[in-house]
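All values below come from the heavy atoms of this structure, side chains included, with hydrogens, waters and symmetry mates left out. So that the names make sense, note that chain A is the first sequence line, chain B the second, and so on, each numbered from 1.
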Amino acid sequence: MGTPGLGLEITELRLGLPCMGGKSKAAEKKRAFWEIDGEEDGSSSTTTEEKTQKVESGGKGSGNQVVVGWPPVCSYRRKNSFNGREKGSKTYVKVSMDGAPILRKIDLGPFGEYSELTRALQKLFHSFDHSEKLKDAENNEYVTIYEDKDGDWMLVGDVPWEMFTESCKRLRIMKNADAKGIGLHV
Amino acid sequence: MDPVRKRTKDLSKSVDSAHLAPFPDEVLEKVLSLVKSHKDRSSVSLVCKDWYNADRWSRSKIFIGNCYSVSPEIVARRFPNIRSVTLKGKPRFSDFNLVPQNWGADIHSWLVVFAQVYPFLEELRLKRMVVSDESLEFLANSFPGFKVLSLLSCDGFSTDGLKAIATHCKNLTELDIQENGIDDLGGGWLSCFPETFVSLEVLNFASLNSDVTFDALERLVSRCKALRVLKVNKHISLEQIQKLLLRAPQLMEVGTGSFQQELVPRQFAELETAFGSCKNLHTLSGLWEASSVYLPVIYPACANLTYLNLSYATLQSDELSKLLPNCSNLRRLWVLDTVEDKGLEAVGSSCPLLEELRVFPADPFDQDMVHGVTESGFVAVSSGCRKLHYVLYFCRQMTNAAVATIVKNCPDFTHFRLCIMNPGQADYLTNDPMDEAFGAVVKTCTKLQRLAVSGLLTDKTFEYIGKYAKNLETLSVAFAGSSDRGMQSVMEGCPKLRKLEIRDCPFGNEALLSGLDKYESMRSLWMSACNLTMNGCRQLAKNMPRLNVEVIKDEESDDSEADKVYVYRSVVGPRRDAPPFVLTL
């Protein structure tokens with residue numbers, strides 16, 4: 001078993017998996033959250049190659065990759081049994097929504113997973129006209145992005161929840177149309 | 001005040017001399033009412049018409065393993081005298097976020113029917129169902145004799161719903177809230193139990209995150225003299241648990257709160273005494289953040305413990321090694337993998353009566369994890385605990401040889417759930433697939449009912465399973481197999497298979513269709529991220545009209561792929577509450 005690779009690869013976690021003969025293509029596409037269509041064409045060809053290489057080399061279990069719902073630890077336990085989770089620590093971040101005049105703040109602490117954040121954001125912007133559209137994953141009119149520790153704007157949903165809460169500085173619910181126009185670091 | 005509906009006698013029968021019933025109906029009903037297991041009851045009802053009717057009228061408890069397999073109306077028509085209902089909803093993989101929100105399994109439509117037909121309903125036990133506050137309020141107000149509410153892995157409600165239960169259920173004996181996706185709006189619900197309320201026997205709010213008014217809790221515990229199970233949440237301190245134990249020394253199961261409080265020696269001694277005074281205590285859990293400093297307070301209670309749940313305490317091996325020699329009577333032990341192999345050696349040497357072991361990962365997503373447990377810990381337990389029959393083991397490395405040794409030591413496994421956390425990982429010593437490991441399990445453990453496999457597995461594993469696992473009822477598979485042949489072997493073997501859940505395996509339509517003859521005798525099949533197509537699923541649906549073949553559409557995949565497929569038998573046809581992303585074929 002090889003080591004998991006260089007530092008950069010460790011941060012670039014995939015939701016796809018090196019299952020033998022399994023649909024790695026479909027596995028790569030697997031997302032549990034909203035995202036922009038531009039994910040495929042937005043990324044450079046190098047990234048796509050990297051993805052494939054990762055999938056192939058990881059085949060015999062040499063790489064530790066992260067997948068939705070794996071390992072099969074139920075969500076309650078995942079939320080409540082992490083080492084080093086500081087009790088009662090407040091992780092408030094600002095949330096802006098395109099078109100909404102007032103910013104809000106939300107505490108990421110109580111949530112254990114992305115779906116809870118989604119629900120909370122829907123409630124937060126409930127009074128705003130377009131909140132219904134947040135739910136409408138089919139149209140993907142909005143996409144949620146966050147600013148990480150390095151100041152980069154990232155797509156919400158790529159990394160494990162715990163990693164996300166540690167690096168998220170602020171959230172923005174952005175119009176999909178605008179998202180395609182700027183370069184997102186995915 | 002307990003009207004049990006009686007069926008009207010068919011008098012013509014009793015005058016017919018050719019028809020001599022061996023017993024009067026009432027006697028048959030009385031005898032059959034002593035048959036408790038729902039599986040046996042099911043068998044009873046199939047013997048003959050008389051027995052079907054006797055079962056029908058005398059059945060008071062009903063278990064429905066899949067809420068969509070039947071409708072509340074059908075249940076109500078067949079069983080007029082139900083007092084206790086157990087219902088399970090979403091597929092198990094919803095625990096791991098594989099089932100989208102709003103999938104279904106809402107309890108409300110059931111409650112509406114029950115309110116009309118079973119006004120004397122006493123017990124409701126739900127697992128993986130969606131329960132709203134409105135439903136809880138409706139429940140609280142519809143059944144005056146309501147006694148038992150057990151919610152396990154449910155979601156959709158908040159503590160406001162619990163307020164309604166506490167306020168209105170005057171005869172409540174059991175409130176058991178476990179591992180739910182609940183909106184915690186505050187602990188005020190506990191104060192809603194009126195001062196006149198004294199019937200509580202079971203209270204479990206360990207998984208709720210907000211503070212309850214300790215005063216109210218203490219008074220509640222004091223006046224409920226029949227309380228035998230008390231599991232509090234993290235907000236209850238050590239000092240508070242001591243007070244509660246003093247009020248209720250009759251407790252048989254205790255879930256403590258946080259075990260991390262600065263104590264002076266006097267408090268320490270008081271806690272020890274409190275634990276020692278609980279002579280009936282056999283189950284202990286909670287123990288959040290338990291550290292070696294305060295763990296000894298439970299020692300006086302350890303000798304009688306049969307079930308110890310340390311899965312929320314990040315204990316190290318030496319802490320466990322010091323604790324376990326006090327617990328020689330343990331039958332069930334749940335721990336975190338922070339105890340490492342050395343801790344498991346202590347299990348092997350201190351707990352000879354152990355029947356069940358669960359080792360959970362403290363940091364499942366930590367890529368650089370160097371600790372945790374390995375195959376040697378498992379082997380150590382198996383060699384000291386020969387009565388082991390249930391294991392759930394999360395590890396990062398395993399070998400075929402170790403598993404062979406384990407099952408040789410413990411051939412009586414009924415539940416063998418091994419999770420090698422890195423998908424598709426081989427035997428780390430030989431680099432072989434883990435086929436022989438699971439081969440050994442199914443060949444040796446003839447009583448095996450439940451199996452979860454992991455690691456690098458070829459079709460060979462499934463050939464073994466199909467050939468040897470004659471008592472297997474539940475099988476979980478992930479990232480395994482090489483071809484359709486794998487799943488086919490299972491579908492062709494395993495006569496008692498009831499639940500099959502598969503994810504990320506190279507099984508396609510041929511594999512799916514190989515089970516055509518089997519699905520009606522199973523509760524359900526789940527397949528996600530395999531190689532199924534819509535056409536394959538349509539074919540299954542066409543050939544088996546009494547199955548519901550549901551496809552959960554993923555926006556990402558193209559239209560021909562069937563990304564998540566859930567197949568189950570049902571007497572009521574396609575469900576009418578399916579959300580837009582669920583297609584019933």
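In this structure the side chain of A:Cys74 never reaches within 4.5 angstrom of the side chain of B:Ser153, judged on heavy atoms. By the 4.5 Å heavy-atom criterion applied to side chains, A:Arg77 and B:Pro364 are not counted as neighbours.
Under a 3.5 Å cut-off, the side chain of A:Trp70 and the backbone N or O of B:Asn422 do not form any donor-acceptor pair. At least one donor-acceptor pair closer than 3.5 Å links the side chain of B:Arg503 to the backbone N or O of A:Gly69.
Residue B:Phe93: no heavy atom, backbone or side chain, is found under 4.5 Å from chain A. For A:Glu113, the part sitting under 4.5 Å from any heavy atom of chain B is the side chain, from C-beta outward, and nothing else. For chain A, the nearby part of B:Phe394 is the side chain; its heavy atoms alone come within less than 4.5 Å.
Within 6.0 Å of NZ on A:Lys94 lie no more than 12 heavy atoms contributed by other residues, nucleotides or ligands.
Here B:Ser207 is the residue among B:Ser207, B:Ala313, B:Cys419 with the most heavy-atom pairs under 4.5 Å with chain A.
Closest heavy-atom contact between B:Leu98 and A:Val68: CD2-CG1, 4.0 Å.
Here A:Arg78 contributes atom CZ and B:Asn97 contributes atom CG; the two are 5.0 Å apart, rounded to the nearest 0.5 Å.
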